Amino acid sequence: MDARALKIEAARAALGHVRDGMRLGIGTGSTAEEFVRLLAEKVAAGMKIVGVPTSERTAALCRELGVPLSTLEETPELDLTIDGADEVDGKLALIKGGGGALLREKIVAAASSRMIVIADESKLVETLGRFPLPIEVNRFGLGATRLAIARAADAAGLSGPLTLRMTNGEPFVTDGGHFIIDASFGRIPNPRALSNGLHAVPGVVEHGLFLGLADVAIIAGADGIRTVHAAS
Ligand SMILES: O=C(CO)[C@H](O)[C@H](O)COP(=O)(O)O
């Protein structure tokens with residue numbers, strides 16, 4: 001099975017958790033898009049849900065496919081968010097933000113009673129950090145923020161290149177109008193310490209460590225679907 005087929009399998013399994021009447025957070029990325037396509041089929045067949053998208057990209061796909069949308073202003077509490085991830089560890093700590101939507105993804109996940117992560121098995125890791133950690137930063141004071149991030153990482157015992165994300169020769173700009181620094185720290189044995197340190201940097205808007213947010217991960221692999229639950 002190729003990677004896309006695995007993403008579809010994970011998305012299909014997650015769809016089994018969606019019930020009529022639910023208020024859904026809808027993630028961003030290629031795996032989340034497979035979920036949107038399957039969800040749209042259910043909606044076309046009569047399922048009543050309302051979705052809050054985590055990016056303009058996801059919102060556009062939902063509109064195109066007829067998935068009804070709301071906002072966190074209209075619908076501030078959600079029943080379930082289904083989203084992809086760049087890395088998932090065995091305790092369901094995540095790295096997200098490869099698609100640049102980490103801020104809205106975290107706000108939506110935090111507004112949800114439950115979060116289900118969908119991924120192919122390549123995303124499952126023993127320790128987070130192989131994937132560079134996306135850090136969303138205010139455009140103002142970029143040099144000072146970068147230095148403060150390096151110091152916060154150092155205090156957590158980490159170091160590595162901090163690369164401003166670029167697209168077509170220009171800095172990548174998030175839906176919120178911010179920049180992203182991709183931090184290649186390597187293994188992150190204590191994500192909580194790093195998270196706390198990064199949150200203390202004024203120019204950091206948010207980072208891609210999702211800790212204590214995911215309840216279930218649905219991982220599709222060559223041997224089938226594996227469901228990982230967060231320890232209660
Ligand atoms: O965090 C994300 C976007 O900000 C995505 O969930 C993450 O990048 C995974 O994407 P994909 O399903 O395309 O591998």
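Everything quoted here is computed from the prediction, not taken from an experiment. Positions are given from 1 along the sequence. Just follow the structure's listing: the first ligand is 1, and inside any ligand the first atom is 1. Just so it is clear, the values below take in all heavy atoms, side chains as well, and ignore hydrogens, waters and symmetry mates.
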Taking NZ, NE, NH1 and NH2 as the nitrogens, is one of them in [X] or [Y] under 4.0 Å from a carboxylate oxygen of the other?
| X | Y | result |
| --- | --- | --- |
| Glu56 | Arg104 | yes |
| Arg57 | Glu33 | yes |
| Arg4 | Glu34 | yes |
| Asp182 | Arg165 | yes |

Please list, in number order, the atoms of ligand 1 under 4.0 Å from a heavy atom of [X].
| X | result |
| --- | --- |
| Asp83 | 6 (O) |
| Gly97 | 1 (O), 2 (C), 4 (O) |
| Gly84 | 6 (O) |
| Thr28 | 2 (C), 3 (C), 5 (C), 6 (O) |
| Gly98 | 1 (O), 4 (O), 8 (O) |
| Asp86 | 1 (O), 7 (C), 8 (O), 9 (C) |
| Thr31 | 11 (P), 12 (O) |
| Gly100 | 4 (O) |

Any nitrogen or oxygen of [X], side chain or backbone, less than 3.5 Å from one on ligand 1?
| X | answer |
| --- | --- |
| Lys7 | no |
| Gly29 | no |
| Ala101 | yes |

* Indicate yes or no for a side-chain donor-acceptor contact from Asp120 to the backbone of Ala220 under 3.5 Å, with no hydrogens or angles considered. =>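 Not a single qualifying donor-acceptor pair exists.
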* Any donor and acceptor pair, going by atom type alone, linking the side chain of Ser112 with main-chain N or O of Met115 inside 3.5 Å? ->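 Looks like no, no N/O pair under 3.5 Å.
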* To do: Return the residue, atom name and 0.1 Å-rounded distance of the protein heavy atom closest to atom 2 (C) of ligand 1.
  =>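 That would be Glu105 OE2, 3.3 Å.
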* To do: Measure the distance from atom 13 (O) of ligand 1 to every protein heavy atom, then report the residue, atom name and distance (to 0.1 Å) of the closest one.
  =>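 Residue, atom and distance for the closest contact: Ser30 OG, 2.5 Å.
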* Asked: Should the proximity of Ala85 to ligand 1, defined as any heavy atom under 4.0 Å, be assigned to the side chain, the backbone, both, or neither?
  ->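 Backbone only.
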* Is it true that the side chains of Thr81 and Asp83 contain a donor and an acceptor less than 3.5 Å apart? ->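 Short answer, no.
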* To do: Begin from the C-alpha positions of Ile26 and Val36 and carry the test side chain to side chain contact (heavy atoms under 4.5 Å, CB included) through to its verdict.
  => CA-CA 8 Å; Ile26 305 180; Val36 172; 3.5 Å; yes
* **Any Lys123 heavy atom less than 4.0 Å to ligand 1** =>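 Lys123: in contact with ligand 1 (<4.0 Å).
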* To do: Decide side chain to side chain donor-acceptor pair (under 3.5 Å) for His199 and Glu206; before the verdict, give the C-alpha distance in whole Å, the side-chain angles of both, and the deciding distance to 0.1 Å.
  => CA-CA 7 Å; His199 277 150; Glu206 195 43 88; 2.8 Å; yes
* Pick from Ile149, Leu103, Leu198: which one makes a side-chain contact (heavy atoms from CB on, under 4.5 Å) with His207? ->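 Testing each of Ile149, Leu103, Leu198 against His207, the sole residue satisfying side-chain contact (heavy atoms from CB on, under 4.5 Å) is Leu198.
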